[in-house]
Amino acid sequence: MMGFSTVMSVSPNLFVPMKPQRLNLQIRCLSPQSVSVSSQSRSTPFDLKTYWTTLISEINQKLDEAIPVKFPDRIYEAMRYSVLAKGAKRAPPVMCVAACELFGGNRLAAFPTACALEMVHTASLIHDDLPCMDDDPIRRGQPSNHTIYGVDMAILAGDALFPLGFRHIVSHTPAELVPEARLLRVITEIARTVGSTGMAAGQFLDLKGGPNSVDFIQEKKFGEMSECSAVCGGLLAGAQDDEIESLRRYGRAVGVLYQVVSDVLEAKLMEKEEIEKNRKKGKNYVSVYGVEKAMEVAEELGANAKKELERFEKYGEGVKPLYSFLEYAVDRGFTIDE
């Protein structure tokens, strides 16, 4: 449910590829000068695209190895279909690795958890797309899992990916790099994220609705996975508890920010009738408050995320990827498959 997807759903019948559209969001806290961590940093801008695509290549290989086809073949094929989709941006695992490296952690220590986050994230998307949930026929630029394998196999594929993620963390994380106590905290964090007080709660309210529920839905459906990814990276590297809480607030803000910007972009592409239809549903900031108010929300989210990162400037260059994720959430300056 985390943002950073390659395709944004404008209506049940219209799907628009996410090309790098420049949204005129005047978010002062994200000016080039404000996100630099030092004078040296300003002279050496961070290349997020190269960083991201390099990690994607490594993560894709590890995911391919982690989900071999075996009996029962059909379930594994369905799992691989969604996990290995070429349109996947791998935002959760990339953020996990970036947060781990911020505190001097080895990315080899982060990869198993990064892959597990992608498995869990994909499982949530498979289930979200089901006819009884959001009923989305397209995901990551290809038909949703249930449209290819059927609702029954899609449910089983999602069900199988959740525990596989946990098992992958336990069986593949190098013991010499990550103490067992840290792994337990990581597993607990992921379980909390996907459970009844996390993403499941967001999906519940998304289905049932409720007065003044937009903040809760956005935070749980789109902020939780980003929050979890940043937190897990910090936990793996042994970050202090107060640093973990800063990562938590940062990740949540970036996840929701990305979705708010996506919703604004959608609204700019919609016909007036479709905008009014979505307004009645009341599921996001644009539909409830309109574009201008949604942009104000984005401004506040960006400022909150930047405030949390400022405490990490003592780590120098290591904080650059996290600042760059914040910028990317707004400007969409590139696409992964360019």
Side-chain angles (χ1 to χ4, degrees), residues 1-5 8-10 25 27 91-92 95 117 120-130 132-136 139 158 162 188-232 244-267 275-308 325-326 329-330:
M1 300 181 194
M2 184 180 181
F4 295 67
S5 63
M8 62 179 183
S9 170
V10 178
L25 275 176
I27 299 186
M95 183 172 287
L117 287 167
V120 168
H121 181 218
T122 301
S124 74
L125 297 179
I126 292 173
H127 286 172
D128 277 3
D129 292 340
L130 291 170
C132 62
M133 295 292 182
D134 295 344
D135 194 18
D136 282 330
R139 174 65 66 179
F162 282 117
T188 300
E189 181 67 25
I190 298 174
R192 181 203 61 77
T193 296
V194 302
S196 58
T197 61
M199 293 193 296
Q203 183 64 17
F204 169 79
L205 270 186
D206 198 16
L207 290 170
K208 302 301 181 182
N212 305 315
S213 60
V214 63
D215 289 322
F216 188 89
I217 292 173
Q218 294 292 299
E219 285 194 7
K220 295 299 181 180
K221 286 199 70 171
F222 306 111
E224 283 280 348
M225 196 70 228
S226 179
E227 171 186 331
C228 178
S229 302
V231 166
C232 285
I244 293 297
E245 292 309 306
S246 285
L247 285 175
R248 186 180 301 284
R249 291 187 290 268
Y250 160 81
R252 185 188 312 139
V254 170
V256 178
L257 172 62
Y258 186 94
Q259 188 60 36
V260 172
V261 173
S262 293
D263 292 337
V264 171
L265 287 170
E266 278 192 24
I275 293 175
E276 184 59 30
K277 180 180 177 181
N278 277 8
R279 183 179 294 275
K280 292 178 180 179
K281 293 180 180 179
K283 299 295 183 65
N284 61 54
Y285 289 108
V286 173
S287 64
V288 173
Y289 303 118
V291 169
E292 292 304 317
K293 176 62 177 178
M295 290 171 67
E296 291 178 13
V297 171
E299 172 97 31
E300 182 178 358
L301 289 165
N304 290 343
K306 179 178 177 291
K307 179 181 177 181
E308 299 302 333
F325 287 140
L326 179 53
V330 175

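FYI, side chains are in, hydrogens and waters are out, and symmetry mates aren't considered; it's all heavy atoms of this structure.
- With values rounded to the nearest 0.5 angstrom, Glu266 atom CD is found 7.5 Å from Asn284 atom CG.
- Not a single donor-acceptor pair under 3.5 Å links the side chain of Lys220 to the backbone N or O of Ala200.
- Distance CD1/Ile217 to OH/Tyr285: 10.0 Å, rounded to 0.5 Å.
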- Message: Please determine whether side-chain contact (heavy atoms from CB on, under 4.5 Å) holds for the pair Met95 and Leu117, giving the CA-CA distance in whole Å, both sets of side-chain angles, and the decisive distance to 0.1 Å.
- Response: CA-CA 10 Å; Met95 183 172 287; Leu117 287 167; over 6 Å; no
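- In this structure, CG on Asp135 lies 9.0 Å from CG on Asp129, to the nearest 0.5 angstrom.
- A distance of 9.0 Å separates CG in Leu247 from CD in Glu308, rounded to the nearest 0.5 Å.
- Rounded to the nearest 0.5 Å, atoms CD (Glu219) and CG (Leu205) are 12.0 Å apart.
- A distance of 5.5 Å separates CG in Asp134 from CG in Asp206, rounded to the nearest 0.5 Å.
- A donor and an acceptor atom, one from each side chain of Gln259 and Asp263, are located under 3.5 Å apart.
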- Item | Val297/Gln218 under side-chain contact (heavy atoms from CB on, under 4.5 Å): CA gap, chis, key distance, verdict | CA-CA 12 Å; Val297 171; Gln218 294 292 299; over 6 Å; no
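- A donor-acceptor distance shorter than 3.5 angstrom exists from the side chain of Ser124 to the backbone of His121, with no hydrogens or angles considered.
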- Task: Report the C-alpha distance between Leu326 and Leu257 in whole Å, list the side-chain angles of each, state the deciding distance to 0.1 Å, and finish with yes or no for side-chain contact (heavy atoms from CB on, under 4.5 Å).
- Result: CA-CA 8 Å; Leu326 179 53; Leu257 172 62; 3.6 Å; yes
